[in-house]
Engineer: 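Quick one: the structure is below, questions incoming.
Just so it is clear: chains get the letters A, B, ... in the order the sequence lines come, proteins before strands, and each one is counted from 1. Quick note: numbers below take in every heavy atom, side chains included, and nothing from hydrogens, waters or symmetry partners.
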Amino acid sequence: MKQHPDAAAATVPAPASGVAAEAAQTSIAARAMASLRPQGSPYLEGLNPEQRRAVETTEGPVLVLAGAGTGKTRVLTTRIAHLVSTGKARPYDILSVTFTNKAAREMKHRIGALIGPAGEGMPWLGTFHSIGTKILRRHAEMVGLKSDFTILGMDDQLRLMKQVIVDQNIDEKRWPARALSSAIDGWKNRGLLPEQVPPGEAGAFAFGKGGALYTAYQARLLTLNAADFGDLLLLCLKLWRENPDVLANYQQRFRYILVDEYQDTNVAQYLWLRLLAQGHRNVACVGDDDQSIYGWRGAEVDNILRFEHDFPGAVVVRLERNYRSTGHILAAASGLIAKNEGRLGKTLRTEDVAGEKVTVSGAWDSEEEARQLGESIESLQAKQHPLSEIAVLVRISAQMREIEDRFVQLGLPYRVIGGPRFYERAEIRDALAYLRVTMNPADDLAFERIFNTPKRGLGDATLQILHGYSRSQRVPLLQAARSLIETDELKPRARSGVRALVESFSRWARMVGTQPHSEVAQTILEESGYTEMWQKDKSADAAGRLENLKEFVRSMEEFPDMAAFLEHVSLVMEASEQEGADRVSLMTLHAAKGLEFDTVFLPGWEDGLFPNQRALDESGRAGLEEERRLAHVGLTRARKRAKLSFAVNRRIHGLWSSTVPSRFIDELPASAVDVVDAPAHFSAGASRFDRNPTPFGSSYATPGWQRAQANTAGNQGFGQSSGQGFGRSSSSGRNNGGPRQIEGELVAKSTGAPSAFSDGMRVFHTKFGPGNVAAVDGNKLTVDFDKAGRKMVLDSFIQPG
DNA sequence: CAAGCGCATATTTTT
DNA sequence: TATGCGCTTG
């Protein structure tokens, strides 16, 4: 995109351009003008007083705490409309950042609806990354790049990291590229350039070479004229720090700044915003601390909690009126989130009816849970409830399989939202790599990717030769290949393969510009043998991949040229969801943020799964609070019906383990919740016992037992500080000792004898070696192994040591 | 260079 | 359990 904002503005029919010009000069007059308008502004109608305040407080820092379903997007878009139509700002004076492309698109759309085509001309509405890219391309030389730098996806990033690791003679096994890459990402998220990383931290990686690796990695990026996602922000910071005049220009340019989902910003984004906001200080951040669920990838809830401190004099507006959910659902969600300590505090209220209570039901195991889920959906379906208004939200994707299996069996149409994205599929990345090399012969990472795909008899040996030449002559791989086919460096066989490839790329490069770009792509895929490769492949998914390739080529037609297309896909890594069909939606809780449904099912509310043990282990109380926010997000997705469930047995890494209901269940206000008896039919449930008959089986599978379980859960007081680990909770209790051991018998086929182990005992495991028992739960032990760390193991694999 | 085996590993995921 | 990876073998 080379569109210059000022040029763009000239083409925008500015409704109040005369006023705008004055506004820039005489703010008093402008304000006076503005005060006249609201009465006649249709867009302000229907806003509640808080929303209106959020819209009309245009000057100075504003924090809008927008609870779930309180009309956040509406405020954001109306605010822009307000700024533009009062003449306080022209569309190109407003910087408006979102997190996802989807959010940006929706905002563009809605602004367009409010103020007409002027909104579509907003050049500075986009994601942090797309705006960062736009800024960087203009000043690329100042950070050592060229303006046509390529943006690396995660796979390129990893490949590059691997090379750097090898270059630095680090043991790749001990320090996998993944780990280092994520460390570097972490530093970038915190706005740290290589030299700014605290030495202690950098030293903790790769035998003290962490810092050196980061430096080397950045150097390689510059050589390749490439930037990774983190750089898109980090290099802006660098650019602005080193060139105050450039910064001043942007500070001046952005009269008003709006930020969506502020609770998800990381440190780099915060610094980025703060630098820009120091100009006019008109920065409005909209967010909800109770929906911050991305701490694990660098989001800092602190940013939102500290807003008033960071921007003195900030006006804080709370949007607490919820327009989405009925009373009980809201009460449940509010009651739950109130248990969090680190929050600014909001109380959602609704004027809607109380509606149905949130239901909680238990199941014997995850299979039965899925069965019940299917039945509930079918009965809703029988009552004409549209499937598209039903969502199943799970904590981890692994839960999806059983549910999908069930849906398939029932013939229930469903769709999985999230999951592997279109542009991340192997065939699409391959196709992209071909295009990238065609467009940019110096794109070594792309070249390497398709070097021998499809197979053309080229292996690692050949690649090493190319690399050697490329490095010594300081030319890109493709250039190296072009030179080497003139010599005898390569074996004849490899040489002919390389020659064919090199010549193809020259040919394809010549086609660009003379033929429509989608046709060029089509030709490339055919001539390279790539399409043929999949046609010959007779595995199950080959047909789907060919279909994807077709869709890929087709989607190119929506872009003016190949370069524009490539820019788009490097920033927009998302699938094109096809809407319309009446299907149940299945997704993770994370993927559900921002969506809403009439009916929401929330299976798997069990301690260890949700709240997730790993979050607890890694982040302690903060982790628990984030999990609780996730629960809150889940509940607030529901308009009319929220149905929680848990299973008492679940397979974890292939082993059956018994589980206890999530502590979150007990944190729900009782008045908003109905405990549901399990359905009375046990035909299917009984089959478990048919296979594994035990004297106790049937009685424990009765509804009464399940109710008892639910009650037991209530009485045990989960959720206090003690809860650590699947096993630890409260195994001493006689209430769960009985059933637990029987489950153990059924499930783990152990002897069922009471555990002979106790806390602190020295033990030996056939696989993990020596360790100390940290906790005992029936036949399951949590052991801190000397070498392998903390693991949960079955006692039958353990000997007293 | 490809197929096959053993081994470790096992959340959440946008840009 | 199941997947994916890296190494060994044909």
Side-chain angles (χ1 to χ4, degrees), chain A residues 97-104 126-133 151-154 157-158 162 172-173 176-178 182 185 188-189 227-234 261 264-266 268-269 292-299 366 393-402 417-421 423-424 452-463 491 493-494 497 567-575 587-594 604 608-619 623 626-627 629-631 633-634 650-657 767-768 788-789 791-792:
Chain A
V97 280
T98 64
F99 250 79
T100 63
N101 293 296
K102 198 177 152 200
T127 62
F128 277 101
H129 297 268
S130 66
I131 291 170
T133 305
I151 299 164
L152 263 43
M154 275 190 335
Q157 209 180 123
L158 228 52
K162 264 183 194 144
E172 222 190 312
K173 266 156 251 160
R178 259 184 69 94
S182 78
D185 273 349
K188 288 185 175 180
N189 283 159
D228 64 20
F229 280 115
D231 288 338
L232 299 177
L233 295 164
L234 185 63
E261 305 278 19
D264 285 338
T265 50
N266 60 35
Q269 286 155 341
S292 164
I293 54 174
Y294 286 110
W296 50 274
R297 67 177 192 215
S366 45
L393 312 183
V394 295
R395 174 67 246 265
I396 62 170
S397 350
Q399 285 172 262
M400 289 187 189
R401 235 188 81 162
E402 266 179 315
I417 297 191
R421 276 163 296 285
Y423 291 116
E424 276 168 15
N452 193 34
T453 311
K455 306 271 178 273
R456 37 178 83 86
L458 306 174
D460 203 41
T462 312
L463 188 59
K491 298 206 178 93
R493 198 187 150 98
E567 170 92 357
H568 172 83
V569 293
S570 54
L571 283 171
V572 182
M573 289 298 227
E574 60 186 15
M587 70 195 94
T588 63
L589 286 160
H590 284 91
K593 197 168 79 161
L609 179 62
F610 189 37
N612 191 271
Q613 191 56 43
R614 202 146 154 178
L616 263 35
D617 289 345
E618 280 167 20
S619 319
E626 182 154 315
E627 294 286 295
R629 290 193 290 268
L630 202 47
V633 166
R650 187 176 294 275
R651 266 214 311 236
I652 295 162
H653 307 331
L655 286 180
W656 284 97
S657 316
K767 205 158 150 197
F768 299 124
K791 307 260 183 207
M792 199 172 64

Engineer: Measuring to OP1 and OP2 of C:dC5, would you say a side-chain N or O of A:Arg178 lies under 4.0 angstrom away?
Structural biologist: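 For C:dC5, neither OP1 nor OP2 has a side-chain N or O of A:Arg178 closer than 4.0 Å.
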
Engineer: Need one value for A:Asp460: base, sugar-phosphate or nothing, where a base atom within 4.0 Å counts as base even if backbone is also close, heavy atoms only.
Structural biologist: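 Answer is sugar-phosphate: A:Asp460 comes under 4.0 Å of backbone atoms only.
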
Engineer: Among B:dT14, B:dT12, B:dT15, which nucleotide sits nearest the side chain of A:Thr588?
Structural biologist: B:dT12

Engineer: Do the side-chain N or O atoms of A:Ser130 get closer than 4.0 angstrom to the phosphate oxygens (OP1, OP2) of B:dT15?
Structural biologist: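 No.
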
Engineer: A:Leu458 near the nucleic acid: base, sugar-phosphate alone, or nothing, with a heavy-atom cut-off under 4.0 Å?
Structural biologist: sugar-phosphate

Engineer: Checking contacts here: which listed nucleotide (B:dT13, B:dT15, B:dT11) is nearest the side-chain heavy atoms of A:Tyr294?
Structural biologist: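 That would be B:dT13.
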
Engineer: Counting side-chain heavy atoms from C-beta on, which of B:dT15, B:dT14, B:dA10 comes nearest to A:His129?
Structural biologist: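 Out of B:dT15, B:dT14, B:dA10, the nucleotide with an atom closest to A:His129's side chain is B:dT15.
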
Engineer: Return the value, rounded to whole Å, for the distance between atom CZ of A:Phe99 and atom P of B:dT15.
Structural biologist: 10 Å

Engineer: Rounded to the nearest angstrom, tell me the gap between atom CE in A:Met400 and atom P in B:dA10.
Structural biologist: 20 Å

Engineer: How many angstroms lie between OG1 in A:Thr265 and CG in A:Asn189, if you round to the nearest 0.5 Å?
Structural biologist: 11.0 Å

Engineer: Which part of the nucleic acid, if any, lies within reach of A:Arg401 when heavy atoms closer than 4.0 Å are counted: base, sugar-phosphate only, or nothing?
Structural biologist: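 It contacts sugar-phosphate atoms only.
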
Engineer: Checking contacts here: which listed nucleotide (B:dT13, C:dT3, C:dT1) is nearest the side-chain heavy atoms of A:Arg651?
Structural biologist: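 Comparing B:dT13, C:dT3, C:dT1 against the side chain of A:Arg651, the answer is C:dT1.
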
Engineer: Main chain of A:Arg395, side chain of A:Gln399: is a donor-acceptor contact present, judged purely on distance under 3.5 Å?
Structural biologist: yes

Engineer: Could you grab the distance from atom CD of A:Glu627 to atom CZ of A:Arg614, nearest 0.5 Å is fine?
Structural biologist: 12.0 Å

Engineer: Contact class for A:Glu618 vs. all strands (heavy atom < 4.0 Å): base, sugar-phosphate, or nothing?
Structural biologist: base

Engineer: Can you classify the ring geometry of A:Phe128 versus A:Phe99 as parallel (below 30°), tilted (30 to 60°) or perpendicular (above 60°)?
Structural biologist: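 Ring orientation of A:Phe128 relative to A:Phe99: perpendicular.
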
Engineer: Would you kindly compare A:Thr127 and A:Glu627 by the position of their nearest DNA chain B nucleotide and give the one closer to the 5′ end?
Structural biologist: A:Glu627

Engineer: With centres under 5.5 Å and planes under 30°, do A:Trp296 and B:dT12 count as stacked?
Structural biologist: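 Stacking between A:Trp296 and B:dT12: present.
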
Engineer: In terms of the nearest nucleotide of DNA chain B, which residue is placed more toward the 5' end: A:Asn452 or A:Ser619?
Structural biologist: A:Asn452

Engineer: Check every strand shown and say whether A:Gly230 touches a base, only sugar-phosphate, or nothing at a heavy-atom separation below 4.0 Å.
Structural biologist: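 It contacts nothing in the nucleic acid.
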
Engineer: Quickly work out the A:Glu567 CD to B:dT15 C1' distance and round it to whole Å.
Structural biologist: 13 Å

Engineer: Round to a whole Å and report the spacing from NE2 of A:His653 to C1' of B:dC7.
Structural biologist: 16 Å

Engineer: Does A:Asn101 place a side-chain N or O at less than 4.0 Å from the phosphate oxygens OP1/OP2 of B:dT14?
Structural biologist: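 Indeed not, no polar side-chain atom of A:Asn101 lies that close.
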
Engineer: Considering only side-chain heavy atoms of A:Phe229, which listed nucleotide, B:dT15, B:dT11, C:dT3, is closest?
Structural biologist: B:dT15

Engineer: Quote, to the nearest angstrom, the C1' distance that separates C:dC5 from B:dT12.
Structural biologist: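 After rounding to an integer number of Å, I get 23 Å for this pair.
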
Engineer: Nearest 0.5 Å, please: how far is NE2 in A:His590 from CD1 in A:Ile293?
Structural biologist: 4.5 Å

Engineer: In terms of side-chain heavy atoms of A:Arg614, which of B:dA10, B:dT12, B:dT15 is nearest?
Structural biologist: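 Selected nucleotide (nearest to the side chain): B:dA10.
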
